[in-house]
Amino acid sequence: MDRYKPLDIEKKWQKRWETEKPFRALDPTAKDFDPKKPKKFLAEMFPYPSGAGLHVGHVRNFTIVDVLTRFYAQQGFNVLRPFGYDTFGLPAENYAIKTGVSPKVATETNVKNFRTQLKRLGYYIDWDREINTSDPNYYRWTQWCFLELFKKGLAYQKESYQWWCPEDKTVLANEQVENGHCWRCGAEVEKKKMKQWFFKITAYADELLDEIDSLDWPEKIKTMQKNWIGRSEGAEIDFEVAGASTSITVFTTRPNTISGATFLVLAPEHPLIKSLVTENTREAVEAYCASALKKSEIERQENKEKTGVFTGSYAINPYTKEKIPVWVADYVLIGYGTGAIMAVPAGDDRDREFAEKFGLPVVDWEKDIPKKPLGTPKVTYRMRDWLISRQRYWGCPIPIAYDSDGDPHPIPEDQLPVRIPEVKDFKPDDSGRSALAKAEDWLKVKVFNEKTGKVEEMTRETDTLDGYACSSWYLWRYASPTEKSAAWDPEKIQYWEPLDIYVGADHAVAHLLYIRFWAKFFADEGKLPFREPVKKLLYNGYINAPDGKKMSKSKGNVIDPLDVIDQGYGADTLRTYEMFIGPYDLDAAWNPRSVGGVYRFLSRIYNLAFTKLENSSNNIITRNKVIKKVTSDLSRASFNTAVSTLMEYVNTLYKSGAEKDDIIVLAKLLKPFAPHLSSEILEKYNSDDSWPKLDESLLEEEIVQIIVQVNGKLRARLNVEADLLDDEAKILETALAEENVKKFVPNSPKRVIYVKKSKLLNLVA
RNA sequence: GCGCGAGUGGUGAAAUUGGUAUACACGUAUGCCUUAGGAGCAUAUGCCUUUCGGCGUAGGAGUUCAAGUCUCCUCUCGCGCACCA
């Protein structure tokens, strides 16, 4: 008997797909484009192609997209499922520093390896649309996006205290600091005062917040984004400094508690501190501010014990007209509100703690304050502008040059891309400038200076862009990946976008917020016909090692998906297993035995299709039920139950015998999960792969089972003709005639509940 | 601390709208088969009970003819944010 040999089958089909390219998406400009077909655009969050190649987590992520893509393709949608690589970033650069291999070469190798591995999984990918963020043809347009933002004042420079990673020697965005540590290398971050580039994401804070509710995204992600944006409504109130002409502006969400404000607190970085200190306090205040700045953020977080120092100045409470002291304390943050607060110790735990520690007055605030407007109404956000400059080599160069005054000028569009110069030494240093600064010839550039009206020699910006900038528009590039005259072709964008389904397991606030921001910006520029780039988001769980721990090289518990395939299980088993492992959005632990179970399932299908076919049975009702269940399961992304339905079906067919239509339906429904085996079967049976049509009229069986409960407990099952379902009296009579029912209902039932839809009869005895 | 989830057999889990709890798979047990394999096939498998039956979805209460599902309280675990005024 011929046995299921997945590797042979998979090789055959992968070769065919490589030459026939059946997964190409048809643009509206294509010859064989059919305008009647509805479109679906699906994508995974494109990966960073590491040297280690695919891991099982990638496979889960990509297979979810693949199952859905094939599901829609088989239903006749014009589907677009492209692929790309997020290749800029620290790992490639750090690898280069370690090995001396240039990031460009390392990236090329890794992409090639990834592509080869992806093809071995049989993914439905339009390979003609592959993109790569470190390709000059791509980052030329990332630079264009930057310049669009720059022209509108949404890319700007600001000197301020920034997160600095002493290990990677670069600044980081707020989103890239996790618990006071660098998200990449884990080093404790520091604060450093530097002039940096920002994107003004806060300009869209309200819209980013308000439109969250309309998104078909997981609630968890939506909540995280809401919290991240952190909108607070309140007021700014000016407090005059006693005996001086200055005033201190504070932000508060509870202006009505002003009568209880007994002191002010400024953040140690607050610019007014200098003018508030007195002869007596100067030394102590300066020492406090200096040590607060030097302290790592961790220390500032871990040590919640309140510290602070009196400036020596007083302010006037504009409501009570009382003189209140002005303090400096590091529990007030310079980056939020105005960097200064009015402390109401009777109403706020932190203020109370501070007041108690330093013996400041605690005064109850007047509860019935007349609602006369106090201060200026003001909305504040926790979200800060997005810091985008990085002092690193392997990134998209910021297309800016500086004149002799140090003012920035955009590199003209006809000079794009600003290519990354070749340098020998990629190593970053503490100068605060990237390795690009070492390319001396590259640094000089002739740019028109609008101030002088002349073309002048200027110096290039040496910072590169945060990788998240590169990934903020790639979904739009997929619509026209080779377009030379624009970042995207408006006609194709109009047809394909926005993305229908996006699948990933990371970037809940960063990437998924940035991409929304850019969509809104480019929509305002008239360059995009939508304001939200992703309709539906699926956020899949991680796959852990069999011991339940995170897979890691150092623990030696990594499962290599290519090994699983090459062991003889094949890609179809791997794909189907990862869909069967549990609900897609939960973390799961790898179970080698369970992989074997899925292999057995596919083997049984193979045997059924190639060696055991019978012609006798009539399974048409079962078949229709299976079509209905699998279709609805895939529609609600319940992949594990779709697989289990197919398993049940196979078990049934082993008992009842299978006819040709059973095998064809089975292969079609299985194809999203196991495309190679299904293709092999469908070829043998001369069938296309169109999604099976459901015949609703064939769903109802002639004999139905009615559940009989007494006081809510199962006492009998009645097998009756389907026609009888409408005849409650008859059903009751039949039920009462049952021995076991009689036993529990000796007299006539006090109450009868009959639920036709559930085929259930409950008698209250 | 605040916010959001989740808790079901030995294990991963199913139950979509309040209506048969534990589908499917792993594991385990028994049997069959033979190309003796990392096979394949069949049957059984929540707990207590000889049977009838009783109990059972973290624990406790409640609503309902009927609760894994709804409400309240408690416990445990996970995730996110974390001095945001």
Side-chain angles (χ1 to χ4, degrees), chain A residues 1 3 178-179 218-228 230-232 234 250-254 257 261 265 300-301 303-306 329-333 335-344 347-351 353-354 380-384 508-509 567-568 577 580-583 585-601 603-604 607 629 632-633 635-636 638 640-651 654-655 705-717 740 743 749-755 757-765:
Chain A
M1 169 165 101
R3 289 177 60 174
E178 295 169 348
N179 241 340
E219 283 307 316
K220 186 178 134 191
I221 308 294
K222 298 210 280 194
T223 307
M224 279 169 74
Q225 291 211 349
K226 282 181 194 170
N227 292 342
W228 185 265
R231 183 187 153 104
S232 292
V250 305
F251 173 74
T252 177
T253 52
R254 298 176 67 193
T257 62
V265 188
R300 270 170 85 160
Q301 277 172 6
N303 183 12
K304 298 239 167 136
E305 178 83 3
K306 294 282 177 292
D330 66 4
Y331 81 94
V332 175
L333 308 174
Y336 185 76
T338 61
I341 61 156
M342 62 175 207
V344 184
D348 183 282
D349 290 343
R350 296 154 303 186
D351 296 345
E353 199 191 319
F354 193 81
T380 312
Y381 305 89
R382 302 167 79 109
M383 181 170 69
R384 318 289 155 85
V509 281
Q567 267 172 49
Y577 168 67
F580 182 63
I581 196 167
D585 55 342
L586 297 186
D587 289 354
W590 189 267
N591 182 346
R593 291 183 195 269
S594 206
V595 179
V598 172
Y599 179 79
R600 196 167 305 134
F601 161 62
S603 254
R604 279 158 69 84
N607 292 343
K629 181 73 162 62
S632 87
D633 279 356
S635 305
R636 66 192 177 101
S638 184
N640 55 331
T641 57
V643 174
S644 76
T645 302
L646 293 173
M647 287 174 167
E648 274 182 89
Y649 186 32
V650 170
N651 292 345
Y654 261 68
K655 291 196 180 88
Q705 188 177 68
I706 292 176
I707 297 304
V708 182
Q709 296 179 334
V710 178
N711 295 333
K713 284 188 176 143
L714 176 68
R715 295 302 178 194
R717 296 162 204 267
N740 207 36
K743 204 167 103 187
K750 287 189 193 119
R751 207 175 150 185
V752 177
I753 295 105
Y754 174 60
V755 188
K757 214 171 78 182
S758 316
K759 293 172 192 152
L760 180 133
L761 182 75
N762 190 14
L763 306 176
V764 183

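Numbered from 1 within each chain, the chains take letters A, B, ... in sequence-line order.
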Notebook entry, point to check: Can you give one letter per nucleotide of nucleotides 22-34 of chain B, going 5' to 3': B for a protein heavy atom under 4.0 Å from the base, S for sugar-phosphate only, - for none?
Noted result: -BBSSS-------
Margin query: Could you identify the nucleotide paired to B/C24, looking across every strand shown and requiring Watson-Crick or G-U wobble geometry with both distances under 3.5 Å?
Written below: B/G12
Item checked: A/Trp228 ring center within less than 6.0 Å of A/Tyr381 ring center -> no
Notebook entry, point to check: Would you say a side-chain N or O of A/Lys713 is under 4.0 Å from OP1 or OP2 of B/G53?
Noted result: no
Next item on the list: Determine whether A/Leu646 and A/Phe580 make a side-chain contact, defined as any pair of heavy atoms from C-beta on separated by less than 4.5 Å.
Entry: no
Next item on the list: Select one nucleotide: of B/C41, B/G80, B/C65, the one nearest the side-chain heavy atoms of A/Arg604.
Entry: B/C41
Note to self: Return the pairing partner of B/A39 with a 3.5 Å limit on both distances, Watson-Crick or G-U wobble; otherwise return none.
What the structure shows: none
Checklist line | Upstream residue (5' side of RNA chain B) when A/Lys759 and A/Asp587 are each assigned their closest nucleotide | finding: A/Asp587
Check: When A/Met342 is tested against each of A/Val265, A/Val250, A/Asp348 for side chain to side chain contact (heavy atoms under 4.5 Å, CB included), which residue passes?
Finding: A/Val250
Checklist line | Verdict with supporting geometry, A/Ile581 and A/Tyr577, side-chain contact (heavy atoms from CB on, under 4.5 Å) | finding: CA-CA 6 Å; A/Ile581 196 167; A/Tyr577 168 67; 3.3 Å; yes
Check: Is the cationic atom of A/Lys306 (NZ for Lys, CZ for Arg) positioned less than 6.0 Å from the six-membered ring centroid of A/Phe354 and within 45 degrees of its normal?
Finding: no
Next item on the list: Kindly point out which of B/U17, B/G53, B/C83 is positioned nearest to the side chain of A/Lys757?
Entry: B/U17
Note to self: Pairing check on B/U57: which nucleotide meets the Watson-Crick or G-U wobble criteria with it, both distances under 3.5 Å?
What the structure shows: none
Item checked: Strand partner of B/C70, provided both Watson-Crick or wobble distances fall under 3.5 Å -> B/G62
Checklist line | Syn or anti for B/G40 (syn when the glycosidic angle lies within 90° of 0) | finding: anti
Note to self: Under 4.0 Å from OP1 or OP2 of B/U16: is there any side-chain N or O of A/Arg636 that close?
What the structure shows: no
Check: Which nucleotide in the list B/G19, B/U16, B/G53 gets nearest to the side chain of A/Lys629?
Finding: B/U16
Next item on the list: Ignoring backbone atoms, test whether A/Asn227 places a side-chain nitrogen or oxygen under 4.0 Å from the OP1 or OP2 oxygen of B/A82.
Entry: no
Note to self: Both distances below 3.5 Å, Watson-Crick or wobble geometry, any strand: find the nucleotide opposite B/C33.
What the structure shows: none
Next item on the list: Would you kindly check whether a donor in the side chain of A/Lys306 faces an acceptor in the base of B/C83, or vice versa, at under 3.5 angstrom?
Entry: yes
Note to self: Checking contacts here: which listed nucleotide (B/G80, B/G53, B/A13) is nearest the side-chain heavy atoms of A/Met224?
What the structure shows: B/G80
Checklist line | Pairing nucleotide - B/C79, Watson-Crick or G-U, each distance under 3.5 Å | finding: B/G3
Item checked: A/Arg3 side chain near B/U35 phosphate (N/O to OP1/OP2, under 4.0 Å) -> no
Note to self: Below the 4.0 Å mark, does B/A85 have OP1 or OP2 next to a side-chain nitrogen or oxygen of A/Tyr336?
What the structure shows: yes
Check: From the list B/U17, B/A85, B/C83, which nucleotide is the closest neighbour of the side chain of A/Thr253?
Finding: B/A85
Note to self: When the P atoms of B/U51 and B/G46 are compared, how many Å lie between them, rounded to an integer?
What the structure shows: 14 Å
Note to self: Any side-chain N or O of A/Ser758 below 4.0 angstrom from OP1/OP2 of B/U20?
What the structure shows: no
Checklist line | Complement of B/A85, any strand, by Watson-Crick or G-U distances under 3.5 angstrom | finding: none
Notebook entry, point to check: Taking the six-membered ring of A/Tyr654, is the NZ or CZ of A/Arg604 close enough (under 6.0 Å from the centre) and on axis enough (within 45°)?
Noted result: yes
Next item on the list: Kindly say if A/Lys226 contacts the phosphate of B/C4, meaning a side-chain N or O under 4.0 Å from OP1 or OP2.
Entry: no
